[in-house]
Amino acid sequence: MKLATFNINGVKARIGALSDWLQEQKPDVALLQEIKSVDEQFPREHFEEMGYTVETHGQKGFNGVAILSRLPLEDISRGLPGDETDEQARYIEATVIGETRPVRMGCLYLPNGNPAPGPKYDYKLAWMERLRDRARALLALEEPALLAGDWNVIPQAEDAARPEAWVEDALFRPETRAAYRRIETLGFTDAFRARVRGAGHYSFWDYQANSWERNNGIRIDHLLLSPQAADLLRDAWIDREVRGRDKPSDHVPVWVELDA
DNA sequence: ATGGCAGCGTTCCGCTGA
């Protein structure tokens, strides 16, 4: 199966570009972040007519995640466990029934956390601790599983065109990178880094200051694979071309192909 | 050194994002 994680920055604003991309690339599964829509306003029928099963976890104005799948979905769960008071819609999980085997997928929109330090940064780090608990539970299944989405984490200096500009930022502070590493080192494989080494590979370019034209990007959209999913990895790549189209999101799709 | 763009709701400004 071919699947992509894609922060679309608003489903209403992106419906044209997203539909074009789906029809061209035909992902079996699209894990979407920042739908910026409540569930009732999400254009579900539009994507169903394109052959997708649609599961959303939205909220008004901001955040929101969704799973679009051509393959059957089972056992949908909405929200990241661990804090009943958290009202932000940033996590949805489902089992995708592949042709040869099922794959459990968590679709996440990790908090930005700026300004740091401060309450938003505290929320980010607390959210990452809850995600680590969920990651541990997924690994305990000992089955193909992945955690994919907009992590809002620059894992290493090579993942930013100008790392020096990010040292104080919530996306790159040492505590952020350490928290990300604590999840990865539980036993996950960064799918993209399993296939491509070196600097210069980004998944986000700011709308401001001609970041795209200057290739001033950062790599913050990641797919982490359980060992059983990593065994199925055929390929991984970033669809950078999408950023140069009309009315683009500020993020681009990051892909994996799995033998499933 | 700063801000620059884009989307959305509280809409013709303010907030958030990264």
Side-chain angles (χ1 to χ4, degrees), chain A residues 5-21 32-43 46 56-66 86-91 107-128 131 148-177 179-180 200-222 238 240 242-254:
Chain A
T5 176
F6 191 3
N7 178 322
I8 58 172
N9 190 21
V11 70
K12 202 182 303 173
R14 212 66 58 216
I15 188 154
L18 177 60
S19 301
D20 291 348
W21 174 75
L32 306 180
Q33 300 87 37
E34 277 205 272
I35 62 174
K36 295 186 175 179
S37 164
V38 293
D39 295 336
E40 307 78 60
Q41 301 280 318
F42 192 89
H46 173 80
T56 62
H57 181 44
Q59 74 178 84
K60 194 159 87 172
F62 304 104
N63 305 328
V65 287
D86 185 1
E87 293 181 350
Q88 299 193 33
R90 295 179 174 275
Y91 189 81
C107 170
L108 64 104
Y109 176 45
L110 207 145
N112 172 303
N114 280 307
K120 291 189 173 183
Y121 193 55
D122 295 340
Y123 174 69
K124 176 176 193 156
L125 294 178
W127 205 93
M128 293 182 83
L131 182 60
D150 177 358
W151 288 72
N152 272 317
V153 174
I154 302 167
Q156 300 193 76
E158 66 180 7
D159 297 309
R162 299 183 59 236
E164 71 281 3
W166 296 93
V167 288
E168 301 290 332
D169 194 280
L171 278 65
F172 192 56
R173 290 170 70 91
E175 306 97 302
T176 304
R177 286 185 275 159
Y180 178 78
H201 304 283
Y202 312 126
S203 65
F204 169 89
W205 295 260
D206 202 298
Y207 288 122
Q208 302 179 73
N210 290 108
S211 296
W212 168 245
E213 288 75 7
R214 299 176 185 201
N215 196 26
N216 180 17
I218 51 178
R219 192 177 71 93
I220 56 175
D221 299 271
H222 312 299
I238 296 176
R240 124 192 259 288
V242 171
R243 185 64 176 81
R245 299 187 184 188
D246 284 341
K247 288 272 288 177
S249 170
D250 39 8
H251 296 248
V252 297
V254 183

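Sequence lines set the chain letters: A, B, ... in the order given, protein chains first and strands last, and positions in each chain run from 1.
Residue A/D169 is classed as having no contact, given no heavy-atom separation below 4.0 Å to the nucleic acid. A/F172 comes within 4.0 angstrom of no nucleic acid atom, judged by non-hydrogen atoms across all strands. Residue A/N216 is classed as having no contact, given no heavy-atom separation below 4.0 Å to the nucleic acid. Within 4.0 Å (heavy atoms only), A/K247 reaches sugar-phosphate atoms of the nucleic acid but no base atom. Contacts of A/A209 with the nucleic acid, taken as non-hydrogen atoms under 4.0 Å apart, include base atoms.
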Can you list the steps and then say if A/N9 with A/Y207 is a side chain to side chain contact (heavy atoms under 4.5 Å, CB included)? CA-CA 12 Å; A/N9 190 21; A/Y207 288 122; 3.2 Å; yes
A/R240 and A/N215: side chain to side chain contact (heavy atoms under 4.5 Å, CB included), yes or no, with the steps? CA-CA 11 Å; A/R240 124 192 259 288; A/N215 196 26; 2.8 Å; yes
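For B/dG17, one of the phosphate oxygens OP1 or OP2 lies less than 4.0 angstrom from a side-chain nitrogen or oxygen of A/K120. Dashed line: the shortest gap from a side-chain N or O of A/R14 to OP1 or OP2 of B/dA6 is not under 4.0 Å. Listed pair A/K12 / B/dG9 meets the phosphate criterion, a side-chain N or O lying under 4.0 Å from OP1 or OP2. Contact between the side-chain N/O atoms of A/N152 and the OP1/OP2 oxygens of B/dA18 is found at a separation under 4.0 Å. Close to B/dA18, at under 4.0 Å from its OP1 or OP2, lies a side-chain N or O of A/Y109.
B/dT16 sits 15 Å from B/dT11 when the C1' atoms are compared, rounded to a whole Å. B/dG3 sits 25 Å from B/dC8 when the P atoms are compared, rounded to a whole Å. A gap of 14 Å separates the P atoms of B/dT10 and B/dC15, to the nearest Å. Comparing B/dA18 with B/dG14, their P atoms sit 22 Å apart, to the nearest whole Å. Comparing the same atom, P, in B/dC12 and in B/dA1 gives a spacing of 37 Å after rounding to whole Å.
The 12-atom threshold is exceeded at CD of A/E164, counting heavy atoms of other residues, nucleotides or ligands nearer than 6.0 Å.
Atom OH of A/Y207 and atom C1' of B/dC8 are 13 Å apart (whole Å). Here the P atom of nucleotide B/dT16 and the CD atom of A/Q88 are 11 Å apart, to the nearest Å. A/D206 has its CG atom 13 Å from the P atom of B/dG7, to the nearest Å. B/dG3 atom P lies 15 Å from atom CZ of A/R162, rounded to whole Å. Look at CZ on A/F62: it is 12 Å from C1' on B/dA6, rounded to the nearest Å. A/E213 places its CD atom 17 Å from the P atom of B/dG4, with the value rounded to the nearest Å. Between the CD atom of A/E34 and the P atom of B/dT16 there is a distance of 13 Å, given to the nearest Å. Remark: P of B/dA18 and NE2 of A/H222 are 12 Å apart, rounded to the nearest angstrom.
Contact detail for A/K124 and A/L171: the closest heavy-atom pair is NZ-CA, 3.9 Å. Between A/R14 and A/K247, the shortest heavy-atom distance links the atoms NH1-O, 2.9 Å. The minimum heavy-atom distance between A/Q33 and A/C107, with the atom names listed, is NE2-SG, 3.5 Å.
Side-chain proximity of A/K60 to the nucleotides B/dA18, B/dG9, B/dC8 is greatest for B/dG9. The side chain of A/L171 has B/dA18 as its nearest neighbour among B/dG7, B/dA18, B/dG9. Checking B/dG17, B/dG9, B/dG4 against every side-chain atom of A/Q208, the shortest atom distance belongs to B/dG4. Taking every side-chain heavy atom of A/I220 into account, B/dA18 is the closest of B/dA18, B/dA6, B/dG7.
Between A/H222 and A/Y180, the ring-plane angle classifies as tilted under the 30° and 60° cut-offs.
Side-chain N/O atoms of A/N112 and base N/O atoms of B/dA18 include a donor-acceptor pair closer than 3.5 Å.
Heavy-atom distances to DNA chain B give each of A/I218 and A/S37 a nearest nucleotide, and the one nearer the 5′ end belongs to A/S37.
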